[in-house]
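Let me begin by presenting the structure, written as structure tokens, before commenting on it.
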Amino acid sequence: MKLQQAIELDQTYVAHTYGRAPFLPSHGKGATCWDCDGKEYVDFSSGIGVTSLGFADPEWVAAVSRQAGEYAHICNYYYSAPGEEVAKLLCEKSGMKKVLFANSGAEANEGMIKVARKYSQEKYGPDRSEIVTLINSFHGRTVTTLTATGQEAMHQYFYPFTPGFSYAEANDFDDLLSHVSGKTAGIMMELIQGEGGVVPLDEGYVQKVAALCKERDILLLIDEVQTGNGRTGYFYSYQAFGIEPDIVSTAKGLGNGLPIGAVLLGEKTEAVLKPGDHGTTFGMNPVVCAGAKVVLERIDGTFLAEVTRKGKKIRQALEGADNVASVTGMGLMIGVLPEKGDAHAIFDRCRELGLLVLTAKNKVRLLPPLVITDGELDRGIAILKQALKEAAQ
């Protein structure tokens, strides 16, 4: 298929919920891909932090293909070895106790909210149901996770929104305290606000919130949908902040391209849900879990150290470069604020020059595959620098 044909089909048959760029991939390998006309690109986007092992990872392809040839689905009345193995790896690497599978980050966040409310209502009564989230956060596009998202611009058109949420200023502990009451069931945070502009929270602030939650038996909910599975140089970003969450959500990079989400439950919450409280037809899908197992087995100390090194390499190359006001983030989750020019125009120019990037608010967002090579990094950085320099002219 050629690009124009894809555009015509999309405009005719696909709901117009995305502002698509004129790019149609043909195939890829690692952090490099080619479009339908054979043009080569370096990928600094990984499908918004999804393809953590890049394109066509041989071990991942073999595991997914093998499982598809054995059985692609079995209902949750029965056991499924790939899912059980993925749950074990998630608990071992995170320090959490149990796993509830889902199919996306939004579903994982929905599950996290349900667990928090049931825990609090069983223990303290039906009025203890409120969740405090942070202004500028993003937690999903279902009605409830859209409500949890602390961005007023997204609270339109879909009324009535789910009640029971309030929004505190990030990194302002006094403001957060003003939102906490005897009705508060949980505090829900991204430790790096990804869609909000790759904005890390202050470590001291996060630790104060964690201490408050422990003191008042309020559940600490950490959204690791974008930050998880090695993206920040830690298995989960909360490990860099020295805290112990009660519930964690994860998705994106866990599946390397196949849809998966999971809710990780700590000691307080591992036994909250009973049969019938929650479920999903496709959660713990065998083919998806076979791929996720490859991802999890790849993430060890050496792998994470390489993510940290590569992230530092990008930051060092961009800090002080032409038309760069600031660089934020952790590991291979990076936001670049241009001094001049529009981030979306820079996004377009990068693609024209052979580099796929993302945007987040007024920043150029970089989420390369975690396996990206130094050669691919060097090529991508050079293109990004050129696009930034041109944007200032």
Side-chain angles (χ1 to χ4, degrees), residues 1-52 54-56 104-106 138 140-141 151 153-154 194-198 225-226 231 251-253 255-259 314 318 323-324 329 332-338 340-369 372 376-377 379-393:
M1 185 181 292
K2 292 298 183 181
L3 175 61
Q4 190 55 43
Q5 183 184 2
I7 291 172
E8 290 171 0
L9 288 171
D10 186 271
Q11 291 179 344
T12 303
Y13 298 108
V14 180
H16 299 162
T17 57
Y18 301 100
R20 299 197 196 277
F23 169 74
L24 178 64
S26 168
H27 63 286
K29 186 70 175 175
T32 301
C33 65
W34 291 263
D35 69 12
C36 58
D37 294 319
K39 181 179 176 179
E40 183 177 309
Y41 299 78
V42 178
D43 182 21
F44 273 19
S45 68
S46 63
I48 315 185
V50 171
T51 49
S52 49
F55 297 102
S104 69
F138 180 84
R141 296 187 184 275
Q151 300 188 41
M154 294 188 176
E195 303 299 322
V198 195
V225 169
Q226 190 168 145
R231 172 59 55 186
K252 286 192 181 289
N256 195 49
L258 293 178
I314 295 176
L318 294 176
N323 198 27
V324 174
L332 286 173
M333 181 177 181
I334 295 172
V336 183
L337 178 65
K340 297 179 181 177
D342 177 73
H344 295 277
I346 296 169
F347 162 92
D348 286 331
R349 184 56 179 150
C350 282
R351 187 185 66 257
E352 292 170 357
L353 294 171
L355 175 67
L356 304 180
V357 297
L358 302 161
T359 60
K361 295 294 179 71
N362 57 350
K363 293 181 182 178
V364 178
R365 179 170 36 154
L366 312 178
L367 299 171
I372 191 167
E376 290 167 326
L377 276 177
R379 295 201 305 275
I381 290 168
I383 292 171
L384 178 56
K385 281 184 169 182
Q386 180 180 342
L388 285 163
K389 187 174 182 179
E390 289 178 7
Q393 296 172 351

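- Pairs of residues two or more places apart, or lying in two chains, never qualify as side-chain hydrogen bond (donor to acceptor under 3.5 Å, both in side chains) while including a residue from residues 22-31.
- Among all heavy-atom pairs drawn from G28 and F55, the shortest one is C-CB, 3.3 Å.
- Residue pairs satisfying the salt bridge (Lys or Arg N to Asp or Glu O under 4.0 Å) criterion with at least one member in residues 358-368, sequence neighbours excluded, are listed as follows: E195-R365.
- L367 approaches R231 most closely through the heavy-atom pair C-NH1, 3.3 Å.
- The side-chain contact (heavy atoms from CB on, under 4.5 Å) check on A382 picks up nothing, with sequence neighbours excluded.
- A distance of 11.5 Å separates CD1 of I381 from CG of L388, quoted to the nearest 0.5 Å.
- With rounding to the nearest 0.5 angstrom, the CD1 atom of I334 is 4.0 Å from the CD1 atom of I314.
- For D43, the side-chain hydrogen bond (donor to acceptor under 3.5 Å, both in side chains) test picks out S45, with sequence neighbours left out.
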Are F138 and Q226 close enough, and set up right, to give a side chain to side chain contact (heavy atoms under 4.5 Å, CB included), and what steps lead you there?
CA-CA 10 Å; F138 180 84; Q226 190 168 145; over 6 Å; no
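- Contact detail for S46 and P369: the closest heavy-atom pair is CB-N, 3.8 Å.
- Checked by atom type, the side-chain pair R141/S104 shows no donor-acceptor distance below 3.5 Å.
- Residues V324 and P338 are not in side-chain contact: their nearest non-hydrogen atoms beyond the backbone lie 4.5 Å or more apart.
- Legend: side-chain hydrogen bond (donor to acceptor under 3.5 Å, both in side chains) pairs involving residues 10-25, not counting sequence neighbours, sorted by first then second residue: D10-R20.
- Annotation: side-chain contact (heavy atoms from CB on, under 4.5 Å) contacts of V50 (sequence neighbours excluded): K252.
- I383 meets the side-chain contact (heavy atoms from CB on, under 4.5 Å) test with L353, L355; sequence neighbours excluded.
- For the pair L3 and P22, the tightest heavy-atom approach, listed with the atom from each and the gap, is CD2-O, 3.8 Å.
- Counting heavy atoms from C-beta outward, L384 and V364 have side chains that approach closer than 4.5 Å.
- Using a 4.5 Å heavy-atom threshold, the side chains of L366 and L358 count as separate.
- Sequence neighbours left out, the pairs with a member in residues 381-390 that pass side-chain hydrogen bond (donor to acceptor under 3.5 Å, both in side chains) are R349-E390, Q386-E390.
- Remark: P25 pairs with F23 by the side-chain contact (heavy atoms from CB on, under 4.5 Å) rule, at least two apart or across chains.
- Between R379 and E40, the closest side-chain pair of non-hydrogen atoms falls below 4.5 Å.
- In this structure the side chain of F44 reaches within 4.5 angstrom of the side chain of L377, judged on heavy atoms.
- Listed by chain and number, the residues in a ring-ring contact (aromatic ring centres under 6.0 Å, His included) with H344 amount to none (sequence neighbours excluded).
- In this structure, T359 and A343 approach most closely via the heavy-atom pair CG2-O, 3.7 Å.
- With sequence neighbours excluded, the residues forming a side-chain hydrogen bond (donor to acceptor under 3.5 Å, both in side chains) with D348 are R351, listed by chain and number.
- Put simply, CG on L24 and CE on M1 are 7.5 Å apart, with the number rounded to the nearest 0.5 Å.
- Qualifying salt bridge (charged side-chain N to carboxylate O under 4.0 Å, His left out) partners for K39, counting only residues two or more places apart in sequence or in other chains: none.
- The OH atom of Y41 lies 15.5 Å from the CD atom of E376; values are rounded to the nearest 0.5 Å.
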